[in-house]
Amino acid sequence: MAMKTKLYHKLQSTTTKNPQWNTLLRELANKSLFTNALSVYLQMLRSGAFPNAFTFPFALKSCAAVSLPTTGKQLHCHIIKTGCLLEPFVQTSLISMYCKCSLIDNARKVFDENPQSRKLTVCYNALLSGYALNSRVKDAVVLFCEMRELGVEINGVTMLGLVPVCGVPGNLGLGMCVHSFCVKFGLDMDSSIGNCLLTMYVKTGEIDCGRKLFNENPRKGLITWNAMINGYAQNGLANNVLELYEEMESKGVCPDPLTLVGVLSSCAHLGALSVGRKVERKMEDFGFGSNPFLNNALINMYARCGNLTKARDIFDGMPVKSVVSWTAIIGGYGMHGQGEVAVELFDEMIRSRIRPDGTAFLSVLSACSHAGLTNKGLNYFGVMERKYGLRPGAEHYSCMVDLLGRAGRLKEARELIESMQVKPDGALWGALLGACKIHRNVELAELAFERVIELEPTNTGYYVLFSNVYTEAGNLEGILRVRTMMRERKLKKDPGCSYVESKERVHLFFAGDRNHPQTNEIYKKLDELENLVKDLDGSKKNDHERREEYLDSMGVHSEKLAVAFSLLNTKKETEIVIIKNLRICRDCHLFIKLVSKIVYRQFVVRDATRFHHFKNGFCSCKEYW
DNA sequence: CTAGGGTTAG
């Protein structure tokens, strides 16, 4: 009897206290102070107060936000003990928490074990968004069909869960089907769903469909602009990004960090340093200076635009460096041939207990391959799977083939290809083909070429590369065969070009180009340079190199024009961005290297091959000749 | 006093 009274009193006192605890918890959770909210929850338990159906949603939300699955499971136990599981609010939060902690099977179990879930739209919505989060396309679709069969009400939030599921390449059919559902339910005019559909289209690569939705949207919000800008950015349409960003500013829409991330990433692709600098200033004006996403994007932008010092400063100044920050700076050093620094940084990252992921490994492998650190690269490649359980993807294999191939270890490169589990892609055979060109292995080049054009039949760069293998072997018949092949397939080599950014403008050159207003000056300068270079390096050349030089002096490569232009118009280290089908040729590389020795000027050469979207003519100030 | 949702970096 005494016990009963004691318990009764305790319950009495705690029930009166509960609302206070709950209020505190709610306030913290709403202010995104999730860790604090969770410690308040623990304090509450210690003080003897009982959590109730009003407590759990906030505790679960906090748990989901900071992704603490263990705490989440404990909460689940408390919910069962207090008998709150049947509360719809609690149940939904619980499902959502498991989804956000990537414990989707636990979420499903909660859903299945409580028959009333199947009557509640909110429970379905929580689970559906969980499938979306974990990209379980099929499960999401099945769940949606089940809702329709059972006649569960479908609302806007349901579609917000379902639409992003379709945002994977190759799922356009499904995406359009879901889009038509939105129209059918009259939900497509909802601004959130409109944004979601837009994102879905750009993620499937249907950028034009996305743009159509964007244009048709009468009430574009910040998120709409961001979705379109980042959609362009993710599809490599950097010039469209800058154009749209300008339009956005002219309409007086204020950017947020997400906008600027997309813009910076496009500046990085284009080498548009001056626009990038403007964005950096804007970032500071708006007080986004310490946003980690933006700082990572800035590191990448400066690194790709050749200013490694600045990139390093930003990196060093970041109080918390994520694996993305490390990858950006490692990639930056790798890109500029400073493989040793890249490797050191990678090791330092591991020492500071940041776990590398696939992309981080890719950056260090590529750094090794460019700097000729073959054995280091092989070592990392081994560690990647053995120690970190990361299965190498096709891109890692391409990098390794490049690494081995450049070092002349063609046999090993070939063996690696034969041993790999993933399906080889074009880049992989292309890397082998490139290596065959360097090391003059015609036989293996023929095999690599055969494979690469099966996968990328319209990539003219590979035809040219292969024909150069024959050129070097003096095989005229081979050259002719490749040319015929190109003609039959109606392939024309895209003209390569190079550009230099100067005074807010992009100055673009094609080979033999005479369109630039300063053409005469540029050619005069180039002539001067060619002579200087010949004098400097003429003595120690073998016949082969002499012949190449001769062939080279026949053509005015776009790189050379860019170098001459930059000497005439810019004062400091200049970045020359090269857009060719494959990569800068050896001769131009040599030319630039020698010129920089003669004139004591650094040139940063960046190959933007994969991002050439110049067809619409980007220029940072919209003037373009 | 309570649940489900849209746009970011390497």
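Each chain gets a letter, A, B and so on, in the order the sequences are listed, and its residues count up from 1.
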inquiry  = Can you tell me whether the side chain of A:D357 and the base of B:dG10 have a donor-acceptor pair closer than 3.5 Å?
reply    = yes
request  = Can you spot which of A:F381, A:Y397, A:F346 makes a ring pair (Phe, Tyr, Trp, His ring centres under 6.0 Å) with A:F361?
outcome  = A:F346
key: Residues A:R108, A:D139: salt bridge by 4.0 Å N-O rule   = no
Heavy-atom donor-acceptor pair, A:S192 side-chain to B:dG5 base, under 3.5 Å = yes
query = In whole Å, what is the span from the OH atom of A:Y245 to the C1' atom of B:dT8?
reply = 15 Å
query = Can a salt bridge be assigned to the pair A:E216 and A:K212 using a cut-off of 4.0 Å between side-chain N and carboxylate O?
reply = yes
Spacing of A:F89 atom CZ relative to B:dC1 atom C1', expressed in whole Å = 11 Å
ask   = Hey, is the side chain of A:Q234 poking within less than 4.0 Å of OP1 or OP2 on B:dT8, counting only N and O atoms?
value = yes
query = Out of B:dG6, B:dA9, B:dA3, which nucleotide sits closest to the side chain of A:S93?
reply = B:dA3
request  = May I ask you to verify if any side-chain N or O of A:K100 is less than 4.0 angstrom from the OP1 or OP2 atom of B:dG5?
outcome  = yes
key: Distance in angstrom units between A:L120 CG and B:dG4 P, rounded   = 13 Å
inquiry  = What is the separation between atom CG on A:L198 and atom C1' on B:dT7, rounded to the nearest whole Å?
reply    = 9 Å
query = Given A:Y245, which of A:L260, A:V253, A:N240 fulfils the side chain to side chain contact (heavy atoms under 4.5 Å, CB included) condition?
reply = A:L260
query = Expressed in angstrom and rounded to an integer, what is the separation of A:Q116 atom CD from B:dA3 atom P?
reply = 17 Å
Interatomic distance where CG belongs to A:L264 and P belongs to B:dG10 [whole Å] = 10 Å
message = For a quick test of reading the model: is some side-chain N or O of A:N230 closer than 4.0 Å to OP1 or OP2 of B:dT7?
response = no
request  = Report yes if the ring of A:F293 lies under 5.5 Å from the six-membered base ring of B:dT8 with planes under 30°, and no otherwise.
outcome  = yes
query = B:dG5 phosphate, OP1 or OP2: any side-chain N/O from A:S129 under 4.0 angstrom?
reply = yes
remark   = To the nearest angstrom, the CG-C1' distance between A:L160 and B:dG4 comes to 10 Å
Phosphate OP1/OP2 of B:dT8: any A:K203 side-chain N/O under 4.0 Å = yes
ask   = Picking from B:dG6, B:dG4, B:dG10, which would you name as closest to the side chain of A:S96?
value = B:dG4
query = Which whole-number value in Å describes the distance from A:L133 CG to B:dT7 P?
reply = 10 Å
